[in-house]
Protein chains: 2
Amino acid sequence: MQSPGYPRGTEGWDAFQWDRREDCEVRQILDRIADKWSLLVIALLDGAPMRFTELQRAVDGISQRMLTVTLRNLERDGLVHREVYAVIPPRVEYSLTSVGRGLHATVQSLVTWTEENTEYIVRARNEYDRREDGAAAR
Amino acid sequence: MQSPGYPRGTEGWDAFQWDRREDCEVRQILDRIADKWSLLVIALLDGAPMRFTELQRAVDGISQRMLTVTLRNLERDGLVHREVYAVIPPRVEYSLTSVGRGLHATVQSLVTWTEENTEYIVRARNEYDRREDGAAAR
DNA sequence: CGGGATCCAATACGATACTG
DNA sequence: CAGTATCGTATTGGATCCCG
């Protein structure tokens, strides 16, 4: 099952770098938590627990299906806890687990970085696109 | 250009939360840098500049097309610098800009978190899947 | 209310072939 | 070497309907 020819300590491997083989768990997990919706949901669940419909309203643009899928994956990874109350109408509350809260901290630092550098990036994009347009015209 | 009906300071807005409207720039940027390949490329480019083929070998599983696309996007966002040497055969080196290096720091903290919690997550997944299998069998 | 199931469209992506 | 262009597929995700 392990991809051959790339064991730890071999050439191509750097002790200060991380395992980035395609089939390694770190990359699988990273792909999962760093997707379009998970970051949003994790950010929202920090603080207070939320109900399904509440989340759907809060995450602008998410469909019911994707909210379900995202929550199931986060629950499966032990990052979100799903609490079902046996009442009618049904009441389900989602909250971060303690590990989930730990993740939120680093996610928040990524968000903060993005906020702080938004202007720079937008400017860079505009300049790049202007250059490209100019090149295409020629 | 701004989506109406959701200005800062209105109901639904929390000063400690970030702008998560679908069309906001923070979310667009986040989607871009948190995609399948960008994190890998940013992590690799930290330290020394690298050439195209070198990167392709280092990022296990990436296709030529996706490496090109990823690098173009990172360059467009001002996170990666592309240096072309006019020699034959051509030599192109990619490196992080100073802003890109700043991003790498927070990305690295996400990677570190993932490494530290891999075991927990894998265990959570196995437990979840066992529960699901049991439920499906019934 | 909180979803599951199904169908369909958009897009992301890989494979391949070609080029300066 | 470092790409671009094209094509076909696979995955993602939205819309809709339904149910406890």
Side-chain angles (χ1 to χ4, degrees), chain A residues 3 21-23 27-28 30-41 44-45 49-76 80-95 128 131-132 135-136 138, chain B residues 20 22-23 27-28 30-41 44-45 49-76 80-95 128 131-133 135-136 138:
Chain A
S3 101
R21 281 170 297 173
E22 192 165 18
D23 57 354
R27 267 187 54 180
Q28 285 176 24
L30 226 41
D31 284 354
R32 181 119 300 306
I33 63 185
D35 82 291
K36 191 176 166 66
W37 301 114
S38 297
L39 292 180
L40 280 290
V41 170
L44 273 165
L45 287 183
M50 291 182 81
R51 301 177 61 172
F52 187 89
T53 316
E54 221 173 337
L55 274 167
Q56 196 174 1
R57 266 196 305 273
V59 183
D60 187 33
I62 198 169
S63 69
Q64 187 190 59
R65 201 179 98 87
M66 287 319 294
L67 181 56
T68 303
V69 170
T70 302
L71 285 170
R72 286 296 167 278
N73 281 327
L74 291 175
E75 187 194 357
R76 178 168 179 259
V80 159
H81 172 68
R82 179 170 182 266
E83 185 74 31
V84 183
Y85 299 93
V87 295
I88 295 176
R91 175 183 187 86
V92 179
E93 280 189 351
Y94 294 92
S95 56
Y128 184 92
R131 279 198 300 277
E132 288 311 291
R138 258 174 278 126
Chain B
R20 58 181 77 78
E22 192 166 18
D23 57 355
R27 269 188 51 182
Q28 286 176 24
L30 225 41
D31 284 354
R32 181 117 306 302
I33 62 185
D35 82 292
K36 192 174 165 66
W37 301 115
S38 297
L39 292 180
L40 280 292
V41 170
L44 273 164
L45 287 183
M50 291 181 79
R51 301 177 61 171
F52 188 89
T53 316
E54 222 174 334
L55 274 167
Q56 196 174 1
R57 267 195 305 273
V59 183
D60 187 32
I62 198 169
S63 69
Q64 191 187 54
R65 201 181 96 88
M66 286 319 294
L67 181 55
T68 303
V69 171
T70 302
L71 286 170
R72 287 295 169 277
N73 281 327
L74 292 175
E75 188 195 355
R76 178 169 180 259
V80 159
H81 173 70
R82 180 170 180 265
E83 184 73 33
V84 183
Y85 299 92
V87 295
I88 296 177
R91 175 183 186 88
V92 179
E93 280 189 350
Y94 293 92
S95 55
Y128 184 93
R131 281 198 299 276
E132 288 310 291
D133 288 353
R138 258 174 279 124

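Here is how names work: the chains are called A, B, and so on, in the same order as the sequence lines, proteins then strands, and each is numbered from 1.
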Here the distance between atom P of D:dA2 and atom CZ of B:R51, to the nearest Å, is 4 Å
Starting at CE of A:M66 and ending at C1' of C:dA10, how long is that distance when rounded to a whole Å? 14 Å
Value in whole Å for how far the C1' atom of C:dT16 lies from CG of B:L67: 17 Å
In whole angstroms, how far is the C1' atom of C:dG14 from the NZ atom of B:K36? 12 Å
Have A:D35 and A:S38 got a donor and an acceptor in their side chains that come within less than 3.5 Å? yes
Closest to the B:Q64 side chain: D:dG14, D:dT4, C:dG3? D:dT4
Members of residues 82-89 of chain A that approach DNA chain C, where some heavy atom sits under 4.0 Å away: A:R82, A:P89
Report the distance from atom CD of A:E93 to atom P of C:dC1, rounded to the nearest whole Å. 14 Å
Atom OH of A:Y94 and atom C1' of C:dG2: how far apart are they, to the nearest Å? 7 Å
Nearest whole angstrom, please: distance from the P of D:dG3 to the CD1 of B:I62. 12 Å
Which of the following nucleotides, D:dA2, C:dC1, D:dT4, is nearest to the side chain of B:R72? D:dT4
Sequence neighbours excluded, which residues qualify as salt bridge (Lys or Arg N to Asp or Glu O under 4.0 Å) partners of B:R76? A:D129
Let's see if you can work this out: which of C:dC13, C:dC1, D:dC1 has an atom nearest to the side-chain heavy atoms of A:P90? C:dC1
B:R65 has its side chain closest, among C:dG2, D:dC1, D:dT6, to D:dT6
Can you tell me the distance, in whole Å, between the CG atom of B:L71 and the P atom of D:dA2? 11 Å
Looking only at side-chain atoms of B:T68, point me to the closest of D:dA2, D:dG14, D:dG3. D:dG3
Looking at CD1 of B:I33 and CG of B:L74, how far apart are the two atoms once the value is rounded to the nearest 0.5 Å? 9.0 Å
